[in-house]
Amino acid sequence: MSDFSDIHDELSWRGALFEATPDAERVLKTEKISCYNGFDPTSDSLHIGNLLPIMCLARMQRYGHTPIAILGAGTGLIGDPSGRSHERPLLSIQEINSNAEAIREQLANFLDFDSDSNPAKLINNADWLLNINLIEFLRDTGKRFTVNTMLKREAVQGRMERTEGISYAEFSYQMLQAYDFLMLYQREGCTFQSGGSDQLGNILSGIDLIRRIHGSCPDGASIAHGIVFPLITDSKGDKLGKSIGGAPALSAVQFSPYRLYQFFYNTDDEDVIRYLKLFTWLGPKDITPLILAVQNAPGKRQAQTTLAQEVTRIVHGESGLQQAQRVTSAFFKGAFDTLSGEELADVFAGTEAIEIPKSTLENSRISYEELAIKASLASSLSEIRRIVKQRGMYLNSQRIEAPDRAVTTEDLLHGGLIVLRRGKREHRLVRVN
């Protein structure tokens, strides 16, 4: 049983509605609708920034609406200038189609395409865009756009202020996306488009194109509508994922369940409740106690643990969550010998490792304290000996009892790795070649 009477109320409570066109609220509250969101196949994986629109489509389906996911294999050949300071490299048709197929498989993890009542739909806009006759398109569609209006779009304005400007291809992108909305309205009866806040201009272009061709409701209200989501940033104002060099991919190969779990577990207290509302299925009854937990016992990180568990389960399933929890537990217990070579490499991804030749480990030629110094785990032999005496130095999963203990090839994990640990949190990875 939902905590909300309709999808509009739920999206509002979750902070997922940045803006909506006039009359969109009334329609969402009173009618069953079809809503589409486009996904750009310029990569072979969706990323965490896509999770908000995906969850919106999935939530709509739970309320009986019909979600439509559009694979932009047609528009992807041009490239959306929205939110970009430079023109993106153009991909080949083969690359776009390959990426679209990978994204198709990912979307199937979130949307029910086999529902008896309101199955989700997956449509590729290349089905109509690649067959367009240029002259017919300019006569039937292009004439309904004014350059004056197109120039006012935020994406165009931002690029025109730069030295390199904007190409005619990218300038025309808003017409292609508007045409998508028109095609979906005519073919599927789709009356809603959703997207990020940077897509508002493109959405309005589609609504206006439908109005110019098909008119308005008898009372003058629009027959097409749009909702846009907020740009997801952290409490510092950085775009989600910027601190790690880019938004985490939803692909388990590119960004493992363990890394996704850790990414959300490390969410700041200022952001965690907002992310719980946006990225999980949890409702007010589940989240209210977590708000209190953040306020009264932030050190326990109960809200962050719940967020990490829920998002990892949504993206990678129960098996992915179990893997993430197992690897996390092994890491914090120092049970490195229980991890596979791939998992061990994943845990230390991005960590600077030292490299030593395998011959160094032969014939007991290096001691633990010498290797620890080489790995900068301590500044002096006396410091290492003091910490060993305090029972705070480890080799792989084993506590070091004697600092001069020899390190040999028998200590190698998976034939070429050694983990040195000081206390609970300081680690060094040694690669042996």
Side-chain angles (χ1 to χ4, degrees), residues 18-22 24 35-42 49-50 53 68-91 96 123-162 164-187 190-214 222-229 231:
F18 178 77
E19 197 167 346
T21 54
C35 178
Y36 94 89
N37 197 102
F39 298 95
D40 188 356
T42 51
N50 297 123
I68 302 176
I70 293 296
L71 295 173
T75 45
L77 292 169
I78 300 298
D80 185 358
S82 301
R84 297 186 65 86
S85 58
H86 299 84
E87 186 167 2
R88 72 180 75 216
L90 295 180
L91 301 180
I96 290 289
I123 301 174
N124 193 331
N125 67 9
D127 293 347
W128 54 79
L129 289 181
L130 295 190
N131 297 318
I132 286 178
N133 177 287
L134 177 60
I135 299 300
E136 290 179 359
F137 180 76
L138 293 177
R139 282 178 57 86
D140 298 337
T141 303
K143 70 177 183 179
R144 302 179 190 275
F145 287 79
T146 66
V147 173
N148 308 57
T149 301
M150 294 174 71
L151 287 172
K152 292 178 183 178
R153 298 303 186 209
E154 184 178 346
V156 175
Q157 286 282 321
R159 291 288 292 279
M160 288 183 66
E161 293 171 359
R162 294 179 173 272
E164 61 271 24
I166 183 171
S167 70
Y168 181 76
E170 284 189 304
F171 179 66
S172 302
Y173 184 93
Q174 58 185 289
M175 285 200 301
L176 298 179
Q177 186 166 324
Y179 190 72
D180 283 348
F181 201 173
L182 175 66
M183 289 294 99
L184 289 167
Y185 175 80
Q186 294 177 170
R187 294 181 177 205
C190 178
T191 57
F192 268 79
Q193 181 182 174
S194 63
S197 57
D198 61 344
Q199 294 296 314
L200 179 58
N202 292 334
I203 293 173
L204 292 175
S205 294
I207 292 172
D208 187 59
L209 178 61
I210 292 172
R211 178 188 62 80
R212 289 175 180 272
I213 294 176
H214 294 284
S222 176
I223 56 177
H225 313 275
I227 56 174
V228 294
F229 315 119
L231 176 67

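Predicted model only: the values in this text are computed from it and were never measured.
In terms of modelled atom types and a separation under 3.5 Å, the side chain of S167 and the main chain of E170 share a donor-acceptor contact.
Taking 4.5 Å as the limit, some side-chain heavy atom of L176 sits within range of a side-chain heavy atom of F137. For the pair L71/P41, no side-chain contact is recorded, criterion being any heavy-atom separation below 4.5 Å from C-beta on. Taking the side chain as every heavy atom from C-beta outward, R153 and S205 approach each other to under 4.5 Å. Contact annotation: the side chain of T75 approaches that of L129 to within less than 4.5 Å [non-hydrogen atoms, C-beta and beyond]. The side-chain heavy atoms of N202 and D80, taken from C-beta on, include a pair separated by under 4.5 Å. Taking 4.5 Å as the limit, every side-chain heavy atom of S222 sits out of range of all side-chain heavy atoms of T21. Here the side chains of N125 and M183 are not in contact, with every heavy-atom distance at 4.5 Å or above. In this structure, the side chains of Y185 and I213 stay at 4.5 Å or more apart for every pair of heavy atoms.
Listed by chain and residue number, D208 satisfy the side chain to side chain donor-acceptor pair (under 3.5 Å) test with R212 (two or more places apart in sequence, or in another chain). The salt bridge (Lys or Arg N to Asp or Glu O under 4.0 Å) check on R187 picks up nothing, with sequence neighbours excluded. Under the salt bridge (Lys or Arg N to Asp or Glu O under 4.0 Å) criterion, R139 pairs with no residue, sequence neighbours left out. Partners of N124 according to the side chain to side chain donor-acceptor pair (under 3.5 Å) rule, which considers only residues two or more places apart in sequence or in another chain, do not exist here. Checked against side chain to side chain donor-acceptor pair (under 3.5 Å), E154 has no partners two or more places apart in sequence or in another chain.
Here the closest non-hydrogen pair linking I203 and S194 is CD1-C, 4.0 Å. Across every non-hydrogen atom of D127 and N131, the tightest pair is O-ND2, 3.1 Å. Closest non-hydrogen pair, I227 versus A20, comes out as CG2-CB, 4.0 Å. In plain terms, the two heavy atoms of F192 and G226 that are nearest each other are CD2-N, 4.5 Å. What you find for M150 and V156 is that their closest heavy atoms are O-CG2, 3.6 Å. Nearest heavy-atom pair, L91 versus T42, reported as atom, atom and distance to 0.1 Å: CD1-O, 3.5 Å.
How far CD1 of I78 is from CZ of F171: 14.0 Å, rounded to the nearest 0.5 Å. Note that CD1 of I70 is 7.5 Å distant from SG of C190, once rounded to the nearest 0.5 Å. Rounding to the nearest 0.5 Å gives a distance of 8.5 Å between CD1 of I210 and CG of L184.
Checking Q193 against Q177 by side-chain atom types alone, a donor-acceptor pair falls below 3.5 Å.
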With side chain to side chain contact (heavy atoms under 4.5 Å, CB included) as the test, would you mind laying out the steps for I123 and W128 before giving the verdict? CA-CA 10 Å; I123 301 174; W128 54 79; 3.7 Å; yes

Check: residues 140-147 side-chain donor-acceptor pairs under 3.5 Å, at least two apart:
from: R144; atom 1: NE; to: D140; atom 2: O; distance (Å): 2.8
from: T146; atom 1: OG1; to: T149; atom 2: N; distance (Å): 3.2
from: T146; atom 1: OG1; to: T149; atom 2: OG1; distance (Å): 2.8

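In this structure, Y36 and F181 have perpendicular ring planes: the angle between them is above 60°, well past the 30° mark.
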